[in-house]
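Below, all heavy atoms of this structure are taken into account, side chains as well, without hydrogens, waters or symmetry copies.
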Amino acid sequence: MSVVVIGSGQAGFQLAASLREAGYEEPVTLVGDEPGLPYQRPPLSKAYLKGEVGADHLELRPAAFFADHRIGLAHGRIVAVDRVARRVTLEGDGTLPYGHLVFATGARNRVLPVPGAELDGVFYLRGLADADAVKAALPAAGRVVVVGAGFIGLEFAAVARKLGHEVVVIEAAPRVLGRAVGAAMSEFFAAEHRAMGTTLTLGAGVARLIGEGGRVVAVETAEGERIAADLVMVGIGVVPNVELAAASGLAVDNGIAVDAHLLTEDGAVSAIGDVASYPSHHADNVRVRLESVQNAADHGRCVAARLTGRPHAYEAVPWFWSDQADLKLQMVGLARPGDEEVVRGDPAARRFSVFRFREGRLVAIESLNRPADHMLGRRLLAGIPTLTPEQAGDEGFELKSLLAR
């Protein structure tokens, strides 16, 4: 049974590699819409922009790996899926038959929906081509405005400040990283970015981008403030690439809807990575769609196991990270607004964790420069965590003792 994977990012690559590792002998083909070898995206907003690593260091594996493991790489855009005939059509009318099809189509940047968004000097950061365009434009940009204070926005802001640019971050929500972390960690990061010299404008929407000669020169907020800009970076979230799946008749629910085994309603079609909407064991079986390297890679492993006769429900513990200047934020679990926050450690020392509880049950941990807490949290949340809020807040309590029970 040939396997065709639409998408050659982290999820698609991991699926192909795991199939071969498990001894799968049938044809496996990755179809990507970007040239070159599959590569990792997280460094694009950090080390790559700073020039610390080159494009060759982003590759997930060298070309020889794909040849040695007989993993086919096709470049082009798939324009149609025929689920009855079990084949996909590429732009230009080429076709590929499949025994099992996997959507690993990822997500794309959400476009800023205001006048002027099409001006030169307005950038998004998702792929290597985006990063290259930003790298080329940055040296001539004295004043940088970042729209959105999520991970990408703040990571880019930290890099821009490091490179000596004047930076203003505009965020519609009342705090930074509002969707990702609780109030305590959010307040810490806001203070740190201000200490770096970044201006944070919170609770402010963007009304329009102002241009001269076709190039952006300022951002106007909904309150009428005009902020000068030589370069604007937009980081307001992403949209899952579900259109091809929807056109083929598959169910869509904030992503391609799959079950706990990452299978669609069509037994010959799976979906993995950023595009997959699945019932999460770590969210009380509520359907979620996660954007992380861990989730993408573990999805790939899960489907590979099913296709090689070792099916199991996907229950991997979700974890995430973000590097901003010398701050390493690591998160594990899935928190919700309103969850109790218990701080362990000293924020003033720039080393602490926030343990998140829901009805007395540990559901997530946010760690700042405390990797041991993060690693322990991944082990705790993989089972039935017995940590109490009182224990979490007591630095004298040995967290490792819980693992021996």
Side-chain angles (χ1 to χ4, degrees), residues 3-16 29-34 38 41 74-91 95-96 98 100-113 124-127 129-130 148 150-152 179 234-280 283 285-300 302-303 306-307 314 318 320 334:
V3 177
V4 172
V5 185
I6 309 176
S8 58
Q10 185 77 55
F13 163 77
Q14 187 62 61
L15 169 63
T29 303
L30 299 178
V31 184
D33 58 5
E34 292 183 80
R41 297 179 188 273
H75 297 104
R77 192 170 69 90
I78 291 179
V79 295
V81 173
D82 187 334
R83 294 198 287 119
V84 175
R86 293 196 179 181
R87 66 172 177 243
V88 298
T89 301
L90 286 85
E91 200 167 41
T95 62
L96 278 174
Y98 67 83
H100 196 85
L101 181 66
V102 182
F103 281 87
T105 46
R108 61 186 182 276
N109 290 304
R110 189 181 301 279
V111 176
L112 187 63
Y124 297 81
L125 190 52
R126 185 71 179 173
D130 297 328
F151 290 140
I152 291 296
R179 292 176 55 240
V234 180
I236 56 172
V238 297
V239 179
N241 293 319
V242 300
E243 289 77 10
L244 185 62
S248 72
L250 293 172
V252 169
D253 182 4
N254 183 34
I256 300 171
V258 294
D259 63 15
H261 291 261
L262 308 177
L263 192 65
T264 68
E265 68 265 41
D266 183 332
V269 182
S270 300
I272 59 177
D274 292 8
V275 77
S277 168
Y278 70 98
S280 172
N285 290 316
V286 171
R287 188 171 289 281
V288 300
R289 187 180 60 78
L290 301 181
E291 300 153 17
S292 77
V293 169
Q294 168 274 319
N295 186 66
D298 283 341
H299 272 190
C302 181
V303 172
R306 168 161 47 83
L307 295 178
Y314 180 72
F320 317 81
L334 297 176

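Sorted by first then second residue, the salt bridge (charged side-chain N to carboxylate O under 4.0 Å, His left out) pairs that include residues 247-257, not counting sequence neighbours, are Asp253-Arg287. Sorted by first then second residue, the side chain to side chain donor-acceptor pair (under 3.5 Å) pairs that include residues 259-269, not counting sequence neighbours, are Arg83-Asp266.
The local environment of CZ in Arg87 is sparse, with at most 12 non-hydrogen atoms from other residues, nucleotides or ligands closer than 6.0 Å.
Listed by chain and number, the residues in a side chain to side chain donor-acceptor pair (under 3.5 Å) with Tyr314 are Gln294, Asn295 (sequence neighbours excluded). Residues satisfying the salt bridge (charged side-chain N to carboxylate O under 4.0 Å, His left out) criterion with Arg108, sequence neighbours excluded, are Glu243. With sequence neighbours excluded, no residue forms a salt bridge (charged side-chain N to carboxylate O under 4.0 Å, His left out) with Arg86. Partners of Arg306 under the salt bridge (charged side-chain N to carboxylate O under 4.0 Å, His left out) rule, at least two apart in sequence or in another chain, do not exist in this structure.
Remark: Arg179 does not engage Glu291 in a salt bridge, criterion side-chain N to carboxylate O under 4.0 Å.
The heavy-atom pair separating Arg126 from Asp274 by the smallest distance is NH2-OD2, 3.0 Å.
Formation of a donor-acceptor pair under 3.5 Å by the His299 side chain with backbone atoms of Gly273 is found in this model. Side chain of Tyr124 to backbone of Leu112: a donor-acceptor contact under 3.5 angstrom is found.
The CG atom of Leu290 sits 4.0 Å away from the OH atom of Tyr278 when rounded to the nearest 0.5 Å.
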